[in-house]
Visitor: 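Once you've had a glance at the structure underneath, I'll fire off some questions.
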Amino acid sequence: LGLSACNANPLLKAAASDYAPIRLGSHWDYKSPDGATSLARTVSAAGSYQGLDAFVVDSNINGSPSQSHIAFKDGDQLQYSASLGWILSRRLPLVNGNQWPVPTGNSLVTTRVVVDGIEKVSLPMGDFDACFKIRTVTDTYNAGSDVTTTVETLAWAAPGIGDVRYATVAADGSITTSLQLVGYTIP
């Protein structure tokens, strides 16, 4: 498939766009619809980390800071886990229908990520076209009760911006927005 085909097919063109603009100085601000929760993320540094060229992402959720490391290898986005090492967080480019497992380090917990479609996302700060909906499904097995509990979360990634909305999926299938983009800077 040649690159010229990307221009002819809007889905392939969208799949080839920059849905993970992790660059030094990138910054995203999110708030919950009720204003009770805020999240700020900033790409603050770049350098070698655990054998890969990586970016440092500083996060602050409601005043509680944390730090993560993001790297790109073979076109995929990886995140560093202290207990598991580098793990695949996003298979890039995003393509509708792609899915991949995410290691958890626990045999009773499985997590998989599915690219679940392309949608328009409307937020108070504006409309975002051609957003990939990314579904993360975590199944936790309780051996004592022989019951598996499933938790689903969603993220929508917009071209040139990255994630613009996060949500949770209830057992009845209803979707509740947990965080939405309120501002960003991509250098």
Side-chain angles (χ1 to χ4, degrees), residues 1-33 37-47 49 52-61 66-80 86-100 102 113-136 152-169 175 177-187:
L1 180 66
L3 288 178
S4 61
C6 289
N7 292 328
N9 183 331
L11 292 180
L12 289 178
K13 185 176 181 183
S17 294
D18 185 6
Y19 284 80
I22 308 291
R23 299 179 185 96
L24 195 56
S26 294
H27 179 84
W28 302 266
D29 286 309
Y30 302 89
K31 285 202 180 292
S32 59
T37 304
S38 64
L39 168 65
R41 287 193 172 140
T42 302
V43 180
S44 61
Y49 187 78
L52 293 178
D53 291 332
F55 293 95
V56 176
V57 179
D58 294 322
S59 298
N60 190 311
I61 187 160
S66 65
Q67 198 172 70
S68 60
H69 293 83
I70 304 289
F72 295 90
K73 183 177 180 187
D74 301 327
D76 292 329
Q77 181 179 320
L78 308 175
Q79 184 164 348
Y80 190 78
W86 288 105
I87 60 171
L88 176 64
S89 58
R90 297 242 172 120
R91 185 162 303 285
L92 301 173
L94 295 171
V95 176
N96 191 27
N98 275 6
Q99 57 183 308
W100 58 93
V102 177
V113 179
V114 179
V115 181
D116 205 18
I118 299 173
E119 301 177 350
K120 178 179 183 176
V121 174
S122 295
L123 299 175
M125 77 171 294
D127 293 336
F128 301 92
D129 292 318
C131 294
F132 276 100
K133 182 166 78 170
I134 303 160
R135 180 180 305 269
T136 302
E152 292 186 39
T153 58
L154 300 170
W156 286 263
I161 298 169
D163 294 348
V164 296
R165 179 180 173 209
Y166 298 102
T168 56
V169 180
I175 296 172
T177 296
S178 52
L179 291 170
Q180 55 195 12
L181 188 70
V182 296
Y184 66 95
T185 302
I186 307 293

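For the single chain, residues carry numbers from 1 onward in sequence order. Just so we're clear, the structure is a prediction, and the values are computed from it rather than from any experiment.
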Visitor: Report yes or no: does D53 contribute a side-chain atom to a donor-acceptor pair with the main-chain N or O of G47 at less than 3.5 Å?
Guide: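 Checked: no pair found.
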Visitor: Nearest 0.5 Å, what's the CG-CG distance between L92 and D74?
Guide: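 Reported to 0.5 Å precision, the distance equals 11.5 Å.
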Visitor: If you take all heavy atoms of A158 and C131, which pair is closest and at what distance?
Guide: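 Taking every non-hydrogen atom into account, CB-SG, 3.7 Å.
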Visitor: Using side-chain heavy atoms (C-beta onward) and a distance below 4.5 Å, is L52 in contact with F72?
Guide: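 Side-chain contact under 4.5 Å: no.
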Visitor: Side chains of F132 and P93: closer than 4.5 Å at any heavy-atom pair?
Guide: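 They are not in side-chain contact.
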Visitor: Can you tell me how far CD1 of I134 sits from CG of L94, rounded to the nearest 0.5 angstrom?
Guide: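 One gets 4.5 Å once the value is rounded to the nearest 0.5 Å.
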Visitor: Testing the basics here: between P33 and S178, what is the closest heavy-atom pair and its distance to 0.1 Å?
Guide: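 Minimum heavy-atom separation between P33 and S178: CD-O, 3.9 Å.
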Visitor: Please determine whether side-chain contact (heavy atoms from CB on, under 4.5 Å) holds for the pair R90 and V113, giving the CA-CA distance in whole Å, both sets of side-chain angles, and the decisive distance to 0.1 Å.
Guide: CA-CA 8 Å; R90 297 242 172 120; V113 179; 5.9 Å; no
Visitor: How are the rings of Y49 and H69 set to each other: parallel, tilted or perpendicular (split at 30° and 60°)?
Guide: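 Y49 vs H69 ring planes: parallel.
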Visitor: Nearest 0.5 angstrom please: S44 OG to L24 CG, how far?
Guide: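 S44 OG to L24 CG: 7.5 Å, rounded to 0.5 Å.
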Visitor: Verify, without hydrogens or angle tests, whether Y30 (side chain) and D163 (backbone) share a donor-acceptor contact under 3.5 angstrom.
Guide: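 Judged by distance alone, yes, a pair lies under 3.5 Å.
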Visitor: Check whether any side-chain heavy atom of E152 sits under 4.5 Å from a side-chain heavy atom of D116, and report yes or no.
Guide: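 They are not in side-chain contact.
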Visitor: Just verifying a value: how many Å separate L123 CG and L179 CG, rounded to the nearest 0.5 Å?
Guide: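 L123 CG to L179 CG: 11.0 Å, rounded to 0.5 Å.
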Visitor: Do W100 and D76 come close enough that some side-chain heavy atom pair is under 4.5 Å?
Guide: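 No, every pair of side-chain atoms sits at 4.5 Å or beyond.
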Visitor: Show the numbers, then the answer: is there a side-chain contact (heavy atoms from CB on, under 4.5 Å) between V115 and V95?
Guide: CA-CA 7 Å; V115 181; V95 176; over 6 Å; no
Visitor: Between the side chain of W28 and the main-chain N/O of V164, is any donor-acceptor distance below 3.5 Å?
Guide: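 Not a single qualifying donor-acceptor pair exists.
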Visitor: Taking the side chain as every heavy atom from C-beta outward, state whether R165 and I175 have any atom pair closer than 4.5 Å.
Guide: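 Yes. Closest side-chain heavy atoms under 4.5 Å.
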Visitor: Is there a side-chain contact between L78 and Y80, using heavy atoms and a 4.5 Å cut-off?
Guide: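 The answer is no; the side chains never approach within 4.5 Å.
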Visitor: For the pair D29 (side chain) and A40 (backbone), establish whether a donor and an acceptor sit closer than 3.5 Å, ignoring hydrogens and angles.
Guide: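 Looks like no, no N/O pair under 3.5 Å.
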Visitor: Donor-acceptor pair, distance only, cut-off 3.5 Å: does the side chain of S89 make one with the backbone of Q77?
Guide: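 The answer is yes, because a donor-acceptor pair under 3.5 Å joins these two groups.
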Visitor: Any side-chain heavy-atom pair from I61 and S59 closer than 4.5 angstrom?
Guide: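 No, every pair of side-chain atoms sits at 4.5 Å or beyond.
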Visitor: Rounded to the nearest 0.5 Å, how far apart are CH2 of W86 and CD of Q79?
Guide: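 With rounding to 0.5 Å, CH2 (W86) is 8.5 Å from CD (Q79).
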Visitor: What do the steps show when you test R23 against V43 for side-chain contact (heavy atoms from CB on, under 4.5 Å), and what is the final call?
Guide: CA-CA 6 Å; R23 299 179 185 96; V43 180; 6.0 Å; no
Visitor: Can you check whether T153 reaches Y166 side chain to side chain, under 4.5 Å on heavy atoms?
Guide: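 Answer no - side chains too far apart.
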Visitor: So, the side chain of S26 versus the backbone of P21: is there a donor-acceptor pair under 3.5 Å, distance only?
Guide: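 Judged by distance alone, yes, a pair lies under 3.5 Å.
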Visitor: Nearest 0.5 Å, what's the CZ-NE2 distance between R41 and H27?
Guide: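 Between atom CZ of R41 and atom NE2 of H27 there are 11.0 Å.
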